Amino acid sequence: MRVRPLTLTSNCLSHFHSLSDHHQLLHRPISELNSLINSYVRRAQPISAWNLFRSLRRLRSDIDAHTFTPLLRPSSPSLGKQFHAQMIRTGVDSGTVPKTALLDMYSRHGSLDDSLKVFDEMLHRDVVAWNALLSCFLRCGQPHEAIGVLREMGRENVELSEFTLCSVLKSCASLKALELGRQVHGLVVSLGRDLVVLSTALIDFYCSVGCVDHALNVFYSLNGWKDDMMHNSLVSGCIRNGRYGEAFKVMSLVKPNAVAFTSVLVSCSEKLDLVTGKQVHCVAVRRGFTFDTQLCNVLLDMYAKCGKISLARSVFDGIRRKDVISWTCMIDAYGRNGCGKEAIELFQSMREDGSEVLPNSVTFLSVLSACDHSGMVEEGKKCFNMMREKYGIDPEPEHYACFIDVLGRAGNIEEVWSAYQNMIQQGTKPTAGVWIALLNACSLSQDFERGEFAAKHLLLLDPDKASNIVLVSNFYAAIGRWDCVDELRSIMRTKGLVKEAGNSWIGEGFNDMPGHYLLDCSAIQLESESLTPVGVI
DNA sequence: TTAGGGTTAG
């Protein structure tokens with residue numbers, strides 16, 4: 001029987017629909033159908049990939065590892081495990097390629113142990129498998145171990161690839177390992193080619209260790225084509241290092257995309273630089289970037305951090321596709337500005353929105369924090385109970401600390417203690433934040449016994465932290481134990497500890513940004529653009 | 001047919 005060739009051209013997928021009868025599914029070579037699953041995944045059509053996979057599972061007896069591997073990357077943790085189990089049952093889980101895909105899948109889900117188990121099971125490890133292991137440690141926040149993998153690769157005489165160098169550079173950036181990163185730079189140069197991806201990694205590395213000039217040198221000495229990511233990496237790096245002039249110059253070289261604007265806005269947010277933030281907002285509106293949810297989230301956060309709550313709300317209202325971060329930022333904006341009622345109302349709208357956006361643990365922390373700032377005890381209790389009961393989210397120590405603070409401010413020490421005991425029963429280990437919240441609650445309620453219990457634990461956690469000692473000292477002062485206050489002050493003097501000065505960013509950011517940055521910012525605009533405020537500004 | 005670079009909330 002002659003089977004029409006199935007090529008993966010742009011019209012391939014619609015072509016397949018016309019062929020999607022049992023005959024085609026039964027008789028086309030499995031490799032072509034596997035490629036089709038892969039193509040669906042790459043085109044972000046997971047439903048089509050899934051449907052085809054299920055049909056093949058039902059109809060074909062010759063499915064192989066490559067029927068599964070494309071689906072591993074986009075799978076959820078539970079689905080990924082199910083795929084793994086099916087692969088074992090089908091007998092297609094061995095071999096370097098499927099094992100590497102499984103290792104990668106587990107590392108994307110943060111399951112380091114499962115990844116390592118899969119790696120141990122590999123009979124033959126090629127450079128891709130080693131690179132996947134290196135990325136695994138990097139993803140799981142263990143850059144030291146990632147460098148350890150590099151050393152092991154050296155011992156095993158594995159020839160390093162460009163992928164290896166990329167991941168090693170990321171590890172160096174994370175560890176601020178300047179010398180090792182410079183050695184990798186040498187290796188990159190020895191490759192003798194203009195490599196956009198590796199150069200981007202180099203730029204990010206140099207900016208991460210504060211060597212912006214080296215990053216600029218990599219950028220400007222690269223002869224080949226430079227893509228958006230590379231520009232964005234440098235813009236972000238310059239901004240992170242406070243080199244606004246260079247950042248705007250790089251942005252003026254090309255038409256910057258939304259990511260570059262996002263980087264600038266994050267910095268404006270951190271520095272409370274409302275002036276530059278508004279300028280960037282103007283340009284973003286003209287460029288049509290306000291369709292970008294991520295950029296708008298940063299924009300609203302910037303306004304919120306600068307205390308411009310109504311501007312933040314205008315941005316929020318204009319976001320067409322609000323995600324959980326949009327809602328959480330706005331709730332947090334109300335909370336931090338003392339608008340607890342508005343925060344609760346917005347949280348209610350989020351839950352009733354009819355959209356598929358569900359609150360996550362950060363959302364609940366923002367709501368609890370809003371209740372705390374506004375003294376809304378009953379709402380705080382509702383929120384805390386709702387987390388687990390309605391949304392199946394287990395409270396983390398931060399939630400307990402905030403909740404204990406809510407209850408403590410209301411002076412109900414028995415409820416405070418009950419919340420603490422509940423946390424212990426749930427197997428949650430108290431953090432310094434929890435002990436501080438408990439201590440404050442005990443201070444307010446003059447509960448000497450429990451307060452001392454919290455104080456001792458707090459001091460055990462970090463005995464040399466001056467702010468903790470001062471807190472404990474304040475507790476003893478509140479209950480009139482001046483002998484303990486004197487003793488703690490004496491300890492501080494002996495240890496040479498000084499309480500850190502309180503920091504406030506309010507009003508400072510505006511002085512950080514000299515006026516000439518505005519000129520630099522104007523350089524990234526289109527010629528016809530002016531700085532006239534538009535939209536919500 | 002498995003691995004790599006840039007941007008959001010506590």
Side-chain angles (χ1 to χ4, degrees), chain A residues 31 34-35 37-38 64-70 72-73 95-105 107-108 118 122 125-136 138-139 161-171 173 195-205 207 226-237 239-240 256-267 269 289 292-302 304-305 319 323-333 335-336 359-370 396 398-399 401-402 433:
Chain A
S31 58
N34 290 345
S35 295
I37 292 178
N38 195 29
D64 59 23
H66 305 303
T67 317
F68 290 90
T69 49
L72 292 176
R73 189 190 270 223
T96 305
V97 171
K99 289 276 189 217
T100 304
L102 284 165
L103 187 164
D104 182 66
M105 181 269 292
S107 86
R108 284 176 196 278
V118 172
M122 279 188 203
R125 295 159 185 149
D126 60 10
V127 66
V128 179
W130 282 99
N131 289 345
L133 182 68
L134 218 160
S135 297
C136 169
L138 205 50
R139 276 196 203 109
S161 71
E162 291 168 18
F163 284 75
T164 324
L165 299 184
C166 248
S167 297
V168 172
L169 279 172
K170 278 202 95 175
S171 306
L195 301 162
V196 176
V197 176
L198 266 174
S199 297
T200 306
L202 275 170
I203 287 168
D204 187 61
F205 157 71
C207 289
K226 301 176 174 95
D227 65 5
D228 277 352
M229 260 200 205
M230 195 171 186
H231 284 98
N232 291 338
S233 179
L234 189 57
V235 169
S236 166
I239 293 283
R240 289 202 311 268
N257 64 12
V259 175
F261 281 84
T262 306
S263 295
V264 179
L265 283 168
V266 168
S267 177
S269 183
F289 291 155
D292 186 310
T293 298
Q294 198 166 343
L295 185 141
C296 287
N297 290 346
V298 179
L299 195 56
L300 97 77
D301 193 54
M302 185 273 296
K305 297 252 168 68
I319 301 175
D323 62 13
V324 66
I325 297 181
S326 318
W327 288 97
T328 305
C329 281
M330 197 61 231
I331 290 168
D332 192 63
R336 71 170 64 235
N360 63 17
S361 70
V362 184
T363 317
F364 277 103
L365 195 58
S366 295
V367 178
L368 277 172
S369 175
E396 293 157 31
E398 292 77 14
H399 297 95
C402 201

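The model shown is predicted, which means the values in this text are computed figures rather than measured ones. So that the names make sense, note that chain A is the first sequence line, chain B the second, and so on, each numbered from 1.
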B:dA9, B:dA3, B:dT8: which one has an atom nearest the side-chain heavy atoms of A:Ser161?
B:dA3
Contact class for A:Ser135 vs. all strands (heavy atom < 4.0 Å): base, sugar-phosphate, or nothing?
sugar-phosphate
Atom of A:Ala260, atom of A:Asn232 and distance for their closest heavy-atom approach
CB-OD1, 3.4 Å
Please report, rounded to the nearest Å, how far the C1' atom of B:dT7 is from the CE atom of A:Met302.
15 Å
Between B:dT2, B:dG6, B:dT7, which one does the side chain of A:Asn232 approach most closely?
B:dG6
Regarding the side chain of A:Asp228, the nearest nucleotide among B:dG6, B:dG5, B:dG4 is B:dG6
A:Leu134 CG - B:dG5 C1' separation (whole Å)
15 Å
Minimum-distance nucleotide (side-chain atoms of A:Thr328 versus B:dG10, B:dA9, B:dA3)
B:dA9
For A:Asn38 and A:Ser35, test the side chains for any donor-to-acceptor distance below 3.5 angstrom and give the result as yes or no.
no
How about A:Thr164 and A:Ser161: does a side-chain donor come under 3.5 Å of a side-chain acceptor?
yes
Can you tell whether the side chains of A:Arg139 and A:Asp104 come within less than 4.0 Å, N to carboxylate O?
yes
What nucleic acid atoms does A:Val128 come within less than 4.0 Å of, heavy atoms only: base, sugar-phosphate, or nothing?
base
Can you tell me which nucleotide in B:dA9, B:dG4, B:dG5 comes closest to the side chain of A:Met229?
B:dG5
Which nucleotide sits closest to the side chain of A:Ser361: B:dT8, B:dG10, B:dT2?
B:dG10
At under 4.0 Å between heavy atoms, what does A:Val266 touch on the DNA or RNA strands: base, sugar-phosphate, or nothing?
sugar-phosphate
Given the options A:Thr96, A:Thr100, A:Val97, A:Val128 meets side-chain contact (heavy atoms from CB on, under 4.5 Å) only with A:Thr100
Grab the CE-C1' distance between A:Met230 and B:dG4 for me, whole Å please.
14 Å
Nucleotide of B:dG4, B:dA9, B:dT8 approaching A:Cys329 most closely (side-chain heavy atoms)
B:dA9
What is the separation between atom CG on A:Leu102 and atom P on B:dT2, rounded to the nearest whole Å?
12 Å
Can you tell me if A:Thr363 touches the phosphate of B:dA9, counting only side-chain N or O atoms and a distance under 4.0 Å to OP1 or OP2?
no
How would you label the contact of A:Asn34 with the nucleic acid (heavy atoms, under 4.0 Å): base, sugar-phosphate, or nothing?
nothing
Side-chain N or O of A:Arg73 versus OP1/OP2 of B:dA3: is the shortest distance under 4.0 Å?
yes
Have a look at A:Lys99 and say if it touches a base, only the backbone sugar-phosphate, or nothing, with a 4.0 Å heavy-atom cut-off.
nothing
A:Lys170 vs B:dG5: side-chain N/O to OP1/OP2 distance below 4.0 Å
yes
Looking at B:dG5, B:dG10, B:dT2, which one has an atom nearest to any side-chain atom of A:Asn38?
B:dT2
Nearest whole Å is fine: how far is B:dA3 C1' from A:Leu198 CG?
13 Å
Under 4.0 Å: is that the gap between some side-chain N or O of A:Arg240 and OP1 or OP2 of B:dT7?
yes
Given B:dT8, B:dG10, B:dA3, which nucleotide is nearest the side-chain atoms of A:Asp323?
B:dT8
Take the protein atom CZ of A:Phe163 and the nucleotide atom P of B:dA3, then report the distance between them rounded to whole Å.
8 Å
Scan A:Gln294 against the nucleic acid and name what it touches under 4.0 Å (heavy atoms): base, sugar-phosphate only, or nothing.
base
A:Ser167 side chain, from C-beta outward: closest of B:dG4, B:dG10, B:dG5
B:dG4
So for A:Asp227 and B:dG6, does any side-chain atom that can act as donor or acceptor lie under 3.5 Å from a complementary atom in the base?
no
Could you check how far CE of A:Met105 sits from P of B:dT1, rounded to whole Å?
19 Å
Please give, in whole Å, the distance from B:dT1 P to A:Phe68 CZ?
16 Å
So, OP1 or OP2 of B:dG10: does either fall under 4.0 Å of a side-chain N or O from A:Lys305?
yes
Any side-chain N or O of A:Arg336 under 4.0 Å from OP1/OP2 of B:dA9?
no
Enter the distance from A:Gln294:CD to A:Asp323:CG here, rounded to the nearest 0.5 Å.
8.0 Å
By the 4.0 Å heavy-atom rule, please label A:Ser236 as base, sugar-phosphate, or nothing.
sugar-phosphate
Would you indicate whether the side-chain heavy atoms of A:Ser167 and A:Asn131 approach each other to under 4.5 Å?
no
What contact category does A:Asn257 fall into here, base, sugar-phosphate, or nothing, at under 4.0 angstrom with non-hydrogen atoms?
base
